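This report concerns only the one structure given below.
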Amino acid sequence: MSFTGKYEMESENNYDEFMKRLGLPSDRIEKGRDLKTISEVQQDGQNFTWSQNYPGGPSITNNFTIGKECDMETVMGKKFKATVQMEGGKVVVNFPHYNYTAEIVDGKLVEISTVAGVSYERVSKRLA
């Protein structure tokens, strides 16, 4: 299934615990809680443009090709190199401090980030 679309966050689980494990200060955790993050994904075969807009905060865009090393950036502005994989229909990437997966389930974008045994899940509904 294609990931192409525009999505708005509708629910999240384990946000606080995940962010604490990443070492974010409590004021940053509070500021980011329940933001209606907008994700826009363009997929052309194995090539992706993946943008996330955090209302009142940063916007980031990462371009990548499945199976090829690329330059990426975290929401905190940290730049790193990664090779994004596709495993069983899921986009999989190892960020510097956590593992990330994304998949389409019942037309929704389901993203799971895991650090030190704590998983944060964000589910976004398709807008377009």
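Small disclaimer: the values here were computed from a predicted structure and weren't measured.
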* Mind running side-chain contact (heavy atoms from CB on, under 4.5 Å) on F18 and K20 for me, showing each step along the way? => CA-CA 5 Å; F18 178 80; K20 286 177 189 172; over 6 Å; no
* Could you check E12 against R122 for salt bridge (charged side-chain N to carboxylate O under 4.0 Å, His left out), going step by step and ending with a plain yes or no? => CA-CA 4 Å; E12 60 186 359; R122 178 169 58 201; 5.9 Å; no
* To do: Could you check S39 against L109 for side-chain contact (heavy atoms from CB on, under 4.5 Å), going step by step and ending with a plain yes or no?
  => CA-CA 9 Å; S39 299; L109 178 62; 4.1 Å; yes
* **side chain to side chain donor-acceptor pair (under 3.5 Å) between E40 and S51, intermediate numbers included** => CA-CA 5 Å; E40 291 189 63; S51 300; over 6 Å; no
* Determine, stepwise, if the pair N14 / E121 fulfils side-chain contact (heavy atoms from CB on, under 4.5 Å). => CA-CA 7 Å; N14 265 352; E121 179 185 65; over 6 Å; no
* To do: Verify side-chain contact (heavy atoms from CB on, under 4.5 Å) between T65 and F48, making sure each step is shown before the conclusion.
  => CA-CA 6 Å; T65 299; F48 286 78; over 6 Å; no
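Taking a cutoff of 4.0 Å between a charged side-chain nitrogen and a carboxylate oxygen, K79 and D71 do not qualify as a salt bridge. A salt bridge is defined here as a Lys NZ or Arg NE, NH1 or NH2 lying under 4.0 Å from an Asp or Glu carboxylate O, and E87 with K90 fails to meet this definition.
Rounded to the nearest 0.5 angstrom, M19 CE and R28 CZ are separated by 10.0 Å. A distance of 11.5 Å separates CZ in F95 from NE2 in H97, rounded to the nearest 0.5 Å. Summarising the geometry, atom CD belonging to E8 is positioned 11.0 Å from atom CG belonging to L35; distances are rounded to the nearest 0.5 Å. Here CD1 of I60 is found 7.0 Å from OG1 of T74. Values are rounded to the nearest 0.5 Å. Once rounded to the nearest 0.5 Å, the distance linking CD of E73 with CG of N63 reads 11.5 Å. Separation of atoms CD (Q85) and CD1 (I66) is listed at 7.5 Å; rounding is to 0.5 Å.
Checking S119 against T114 by side-chain atom types alone, a donor-acceptor pair falls below 3.5 Å. No side-chain N or O of T4 forms a donor-acceptor pair with one of Q42 less than 3.5 Å apart.
Following chains of ILVMFWY side-chain contacts shorter than 4.5 Å, one can reach M86 starting from V41, so the two form part of one hydrophobic cluster. In the hydrophobic clustering of this structure, V115 groups with F80; members are Ile, Leu, Val, Met, Phe, Trp, Tyr whose side-chain heavy atoms approach within less than 4.5 Å, directly or through other members. Residues V91 and Y7 are members of one and the same hydrophobic cluster, defined by side-chain heavy-atom contacts under 4.5 angstrom among Ile, Leu, Val, Met, Phe, Trp and Tyr. Hydrophobic clustering (side-chain heavy atoms under 4.5 Å, transitive across Ile, Leu, Val, Met, Phe, Trp, Tyr) keeps V92 apart from F64. Cluster annotation: M9 and Y100 are assigned to distinct hydrophobic clusters (Ile/Leu/Val/Met/Phe/Trp/Tyr, side-chain heavy-atom contacts under 4.5 Å, transitive).
Here the side chains of D16 and I29 are in contact, with some heavy-atom distance below 4.5 Å. Looking at heavy atoms from C-beta onward, T101 lies out of side-chain contact with E111 at the 4.5 angstrom threshold. Side-chain contact check for T49 versus T61: some heavy-atom pair is nearer than 4.5 Å.
The heavy-atom pair separating F3 from G89 by the smallest distance is CZ-O, 3.5 Å. Shortest non-hydrogen contact noted between M72 and V93 is SD-CG2, 4.0 Å. The two residues T83 and E69 come nearest to each other via the heavy atoms OG1-CA, 3.5 Å. The shortest heavy-atom contact between R21 and A116 is NH1-O, 2.6 Å.
Residue D27 places its CG atom among more than 12 non-hydrogen atoms of other residues, nucleotides or ligands, all under 6.0 Å distant.
E10 pairs in a salt bridge (Lys or Arg N to Asp or Glu O under 4.0 Å) with only one of the listed residues (K36, K125, K108), which is K108.
The aromatic ring centroids of Y120 and Y98 lie 6.0 Å or more from each other.
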